[in-house]
Engineer: 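Please find one structure pasted underneath; my questions will follow.
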Amino acid sequence: MILLWGVPGDEPLDGVHAALERVGADVRLLDQRDSAEMRVELTVGVDGTLCGSITDSVGEIDLSCVGAAYVRPLDTIQACGAHSATDPALARAMAADNALIAWADLSSAYVVNRPQAMAANNAKPYQLAQVAGCGFTVPDTFVTTDDMAVRRFRERHGRVIYKSVSGVRSIVSQLTDDALSDVANCPTQFQEYVPGADVRVHVVDDMLLSVRIVCEADDYRYASRSGCEVAMEPVDLPADVAERCRTMAAKMELHLAGIDLRHASNGAWYCLEVNPSPGFTYFEAVTGQPISTAVAELLVRQDARARACTQA
Amino acid sequence: MIAVLASRLDPESCATVDAWSSADAALLSAEDLVCPGWAFSVGDPLRGTAVIDGRRISTASITAVLTRRPSVLPEELGRIHPADRAYVAAETNAFLVAWLSALPRTVVNRPTTTSLCGPAWDRLHWQCAAARIGLAWSDADETSDTHEVVVCGNRCVCAHDARESAMATALSRAAGTKLLGVRFHRRKIARVTVAPSLTDGDVRASLLDHLLGRS
């Protein structure tokens, strides 16, 4: 069985769900909005194997029958719509969500992606060090609470951008003097600006789907706010860059990843970030690249492999 | 300098800093983290500066770090506007994960992406980790007759026998920790913590030896 966990209406989850249903896969959706009413029971076998079951309004799932899973949980408060931290339903939902995260981390099923592997994206300079360790060029990056040090960093690089250090979503912006006043109160991340073309690479196991993004905005995701247009076109990566993307995703234990590259004006390939739970439907809608189908096919293959192992 | 990353309200950590004063230990508090003076270059961590006990110092002068907290809490950031505390705490924790991971010094425990002081594992995770290396788990509750064995670097303190010592060391290795408290009940593991008590003199001495590279 293939397990999907998340909130219906989330486009990547819906896309993969629809693709699985099209091929008649044995798929079961766990709606995170119902976490407060779910019962999750987990036990550890003598060999460390995690067993157990999940019961929701649809019925009981024997977790030993799950061969593959695609997990895209939201923050529990957001998913269950609790209005107060003391809401008992929130406590129940958090308990169920935490148990499911533990299962996703420890299960022998093929999980896209394990929460532990995804967490590196919550500390961006940490992830960038991982990226550099995989052989990619990365922008010179500096985290500080010292505005004078930022000025020196800007003198060295000319154009500098800043963005959040954590996984909190932020709009990448070019540094201006106005933004310097808050630096003393919060560690802030600055990067040299690398001029060039953005390339988004979706890695699905060993398959790559790449797209070149043409946009004048500092952050193409928010291009409309600055009145800029975004254009995208599928692109083939040089073989060595493609291989580095595959190897990096594998080293980070990410079966699905959205890698943000920049092909610099000087010809170098920079890696800016790796998104472990990419919102790929935005790119799919514009380019027609079959990313949902690729994820669904991966889950079907891995579920079949798990079933074959069990039967053997 | 040995930086002890802990809360000013944690009496055990403050006592440890006092006990290690001759080894130049100092408290790295939440307040220090939102002061001007921090500078960290990804790829060259020793080139930067840190703020420890209110003083700006060169990162290169830090010889070791002991981390006694899983995260910095928004409530601790009193000088930050209440509306901004959750965001600043998230940014500070993310910065610490990167800084402590990159620091080419003894850091106990190295952070993981979900905790500043080692794996943020719950009972189920520890139970799985123990079972996967063949260690037995006890269902004894907290009030049962238990005792804590502490792994400090290459030493194991307070073990009743060599078997307990070997079990605790094996679990510490599997978890990738250098400091681990393993509570035993009748020769089975009953509870595990990455922040064991440091009140025992032998534990404190062994830990200091590890931080100073003497063990």
Side-chain angles (χ1 to χ4, degrees), chain A residues 42-50 52 98-99 101-103 105-107 115-133 138-150 152-153 163-168 170 182-191 276, chain B residues 32-45 47-51 56 72 77 79-81 84-102 111-116 119-137 174:
Chain A
L42 301 174
T43 54
V44 179
V46 284
D47 60 349
T49 309
L50 199 60
N98 287 339
I101 287 169
W103 174 81
D105 270 332
L106 295 167
S107 164
Q116 227 160 268
M118 290 199 276
N121 191 235
N122 293 334
K124 299 208 188 299
Y126 169 82
Q127 191 196 56
L128 208 63
Q130 278 188 315
V131 167
V138 298
D140 191 8
T141 301
F142 185 58
V143 185
T144 188
T145 58
D146 183 343
D147 64 334
M148 291 309 292
V150 181
R152 288 194 295 274
F153 186 73
K163 58 184 183 182
S164 66
V165 188
S166 70
V168 175
S170 64
D182 289 335
V183 167
N185 299 315
C186 180
T188 308
Q189 178 176 226
F190 298 89
Q191 279 183 342
Chain B
D32 290 328
L33 290 159
V34 288
C35 278
W38 285 88
F40 166 51
S41 294
V42 175
D44 193 2
R47 203 178 70 195
T49 53
V51 179
R56 181 182 180 144
V72 173
L77 305 176
R79 58 180 288 264
I80 305 298
H81 189 281
D84 296 330
R85 281 180 198 158
Y87 174 76
V88 174
E91 295 291 282
T92 302
N93 284 315
F95 161 66
L96 284 171
V97 167
W99 184 69
L100 292 168
S101 297
T112 59
T113 48
T114 47
S115 166
L116 298 177
W121 290 355
D122 60 8
R123 186 183 172 89
L124 194 79
H125 271 81
W126 285 114
Q127 218 175 328
C128 268
R132 285 173 185 179
I133 53 171
L135 305 180
W137 194 272

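Chain A is the first sequence line, chain B the second, and so forth, proteins listed ahead of strands; every chain is numbered from 1.
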Engineer: Quick check, are the ring centers of W126(B) and W137(B) under 6.0 angstrom apart?
Structural biologist: no

Engineer: Considering only heavy atoms from C-beta outward, does the side chain of T141(A) approach that of Q189(A) to under 4.5 Å?
Structural biologist: yes

Engineer: Q127(A) versus chain B, heavy atoms under 4.5 Å apart: side chain, backbone, both or neither?
Structural biologist: neither

Engineer: Could you look at A102(A) and say if it's the side chain, the backbone, both or neither that has a heavy atom under 4.5 Å from chain B?
Structural biologist: both

Engineer: Looking at L106(A), T49(A), D47(A), T144(A), which has the largest count of heavy-atom pairs under 4.5 Å with chain B?
Structural biologist: L106(A)

Engineer: Side chain, backbone, both or neither: which part of A39(B) has a heavy atom under 4.5 Å from chain A?
Structural biologist: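 For A39(B), backbone and side chain are both near chain A.
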
Engineer: Give the member of T112(B), L77(B), I80(B) that has the highest number of heavy-atom pairs under 4.5 Å with chain A.
Structural biologist: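 Sorted descending by pairs with chain A, the first entry is I80(B).
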
Engineer: Indicate yes or no for a side-chain donor-acceptor contact from N93(B) to the backbone of V72(B) under 3.5 Å, with no hydrogens or angles considered.
Structural biologist: yes

Engineer: With a 4.5 angstrom heavy-atom cut-off, is it the side chain or the backbone of R47(B) that approaches chain A, or both, or neither?
Structural biologist: side chain

Engineer: Under a 4.5 Å heavy-atom cut-off, does chain B meet the side chain of D147(A), its backbone, both or neither?
Structural biologist: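 No part of it gets close to chain B.
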
Engineer: Heavy-atom distances under 4.5 Å only: say whether C35(B) touches chain A with side chain, backbone, both or neither.
Structural biologist: backbone

Engineer: So which atom in P45(B) and which in A102(B) form the shortest heavy-atom distance, rounded to 0.1 Å?
Structural biologist: CG-O, 3.4 Å

Engineer: Between L124(B) and chain A, which part of the residue has a heavy atom less than 4.5 Å away: side chain, backbone, both or neither?
Structural biologist: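 Contact with chain A is through both the backbone and side chain of L124(B).
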
Engineer: Considering only heavy atoms, which portion of W99(B) lies under 4.5 Å from any heavy atom of chain A: side chain, backbone, both, or neither?
Structural biologist: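 For W99(B), neither part sits under 4.5 Å from chain A.
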
Engineer: Any sub-3.5 Å donor-acceptor pair from E91(B)'s side-chain atoms to S166(A)'s backbone N or O?
Structural biologist: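 The answer is yes, because a donor-acceptor pair under 3.5 Å joins these two groups.
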
Engineer: Take H125(B) and D122(B), measure what side-chain hydrogen bond (donor to acceptor under 3.5 Å, both in side chains) needs, and give me the verdict at the end.
Structural biologist: CA-CA 5 Å; H125(B) 271 81; D122(B) 60 8; 3.0 Å; yes

Engineer: Among V165(A), D140(A), D146(A), which residue forms the greatest number of heavy-atom pairs with chain B at distances under 4.5 Å?
Structural biologist: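 The candidate making the most pairs under 4.5 Å is V165(A).
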
Engineer: Answer with side chain, backbone, both or neither: which region of S101(B) has an atom nearer than 4.5 Å to a non-hydrogen atom of chain A?
Structural biologist: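 Only the side chain of S101(B) comes within 4.5 Å of chain A.
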
Engineer: I need the residue from G37(B), G134(B), A94(B), A129(B) with the largest number of non-hydrogen atom pairs under 4.5 Å to chain A.
Structural biologist: A94(B)

Engineer: So, does T145(A) use its side chain to make a donor-acceptor pair with the main chain of W38(B) at under 3.5 Å?
Structural biologist: yes

Engineer: Centres of the F190(A) and F142(A) rings: under 6.0 Å?
Structural biologist: no

Engineer: Does the S115(B) side chain pair with the main chain of P119(B), one donor and one acceptor, at a distance under 3.5 Å?
Structural biologist: no

Engineer: Below 4.5 Å from any heavy atom of chain B, which atoms of V143(A) appear? Answer side chain, backbone, both or neither.
Structural biologist: both

